[in-house]
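Single-structure report; data block below.
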Amino acid sequence: MQTDTIRGDGPYEPSPSGEPPAPQAPPAGAARSLALGAAVAAGVMGAGLALTGLESPLRAPFTLFFLLMAPAGALAVALGRMDPLGRAVVAGAGALAVDLLVAQTMLALRMWSVRGGVLAVAAFSGVLLLGCAVRRRAGRPRGRRTD
């Protein structure tokens with residue numbers, strides 16, 4: 001286990017001239033987590049608005065965001081070891097393919113509805129994410145417990 005020591009030259013030490021320290025940018029990981037959280041919130045809001053049928057001017061853009069980003073995110077997780085640009089391109093194209101396949105299937109079966117489409121895309125994305133989690137869990141070696 002490694003610990004960091006507290007040094008006197010940290011960001012909260014006043015400068016010798018007495019001026020307050022310059023604000024520092026948050027770490028890149030914090031910005032990425034914030035953006036991911038905002039994207040998940042927008043997607044959940046879009047799915048919720050579509051499933052409940054509430055009338056809102058934000059319903060269409062948030063639902064479209066969910067329909068594109070839920071399968072894209074699930075596919076990106078499934079393509080974990082690709083380089084980031086290739087993974088983004090393949091996940092985006094795959095998300096469009098999933099949405100078109102769901103729409104075409106529902107139209108062919110004469111079962112078209114917005115709620116049904118959102119549920120089908122959510123189910124596909126959830127099953128894909130669950131499959132990735134199970135695969136990763138099964139791929140880990142079991143640790144020995146020394147009780």
Side-chain angles (χ1 to χ4, degrees), residues 1-13 21-147:
M1 185 165 125
Q2 182 178 5
T3 59
D4 290 332
T5 59
I6 300 174
R7 289 174 272 188
D9 60 345
Y12 300 110
E13 288 290 318
Q24 295 182 349
R32 184 178 297 145
S33 296
L34 183 63
L36 183 62
V40 168
V44 168
M45 180 174 283
L49 287 172
L51 293 174
T52 59
L54 293 175
E55 294 298 324
S56 170
L58 298 175
R59 177 180 171 183
F62 281 172
T63 303
L64 180 63
F65 184 79
F66 172 77
L67 289 173
L68 292 175
M69 295 311 288
L75 288 168
V77 169
L79 300 170
R81 291 195 174 194
M82 285 182 74
D83 69 344
L85 180 61
R87 183 174 31 187
V89 170
V90 172
L96 285 174
V98 166
D99 289 340
L100 291 174
L101 184 63
V102 166
Q104 185 174 2
T105 303
M106 291 179 74
L107 286 171
L109 297 174
R110 298 178 191 257
M111 296 174 47
W112 173 253
S113 73
V114 174
R115 289 180 184 165
V118 168
L119 284 174
V121 169
F124 171 81
S125 301
V127 166
L128 187 58
L129 284 173
L130 183 63
C132 290
V134 167
R135 186 182 69 200
R136 284 188 182 163
R137 177 87 173 155
R140 289 187 191 158
R142 290 188 177 185
R144 294 183 184 172
R145 293 183 64 177
T146 56
D147 293 323

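The figures that follow rest on heavy atoms only: side chains count, while hydrogens, waters and symmetry mates do not.
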So V90 and L75, side-chain contact (heavy atoms from CB on, under 4.5 Å) or not? Walk me through it. CA-CA 8 Å; V90 172; L75 288 168; over 6 Å; no
Residue M82 excluded, over 12 heavy atoms near CE under 6.0 Å: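 Yes, because the 6.0 Å sphere around CE of M82 holds more than 12 heavy atoms from other groups.
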Inspect the surroundings of CE in M45 and state if more than 12 heavy atoms from other residues, nucleotides or ligands are less than 6.0 Å away.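 No, because the 6.0 Å sphere around CE of M45 holds 12 heavy atoms or fewer from other groups.
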Gap separating the [atom1] atom of [X] from the [atom2] atom of [Y], nearest 0.5 angstrom:
X	Y	atom1	atom2	result
F124	L119	CZ	CG	15.5 Å
Q104	D99	CD	CG	12.5 Å
T52	R59	OG1	CZ	7.5 Å

Examine distances only and state if a side-chain atom of T63 and a backbone atom of A47 form a donor-acceptor pair shorter than 3.5 Å.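 No: the side chain of T63 does not pair with the backbone of A47.
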Which pairs pass salt bridge (Lys or Arg N to Asp or Glu O under 4.0 Å) with one or both residues in residues 104-127, sequence neighbours excluded?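 Salt bridge (Lys or Arg N to Asp or Glu O under 4.0 Å) check on residues 104-127 returns no pairs.
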Determine the minimum heavy-atom distance between [X] and [Y], stating which atoms define it.
X	Y	answer
S125	A74	O-CB, 3.7 Å
A72	A95	N-CB, 3.6 Å
V114	A50	CG1-CB, 4.4 Å
P71	V121	CD-CG1, 3.7 Å
A122	F66	CB-CZ, 3.7 Å

R87: what forms a salt bridge (charged side-chain N to carboxylate O under 4.0 Å, His left out) with it, not counting sequence neighbours?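 Testing R87 for salt bridge (charged side-chain N to carboxylate O under 4.0 Å, His left out), a comparison that skips the adjacent residues, returns none.
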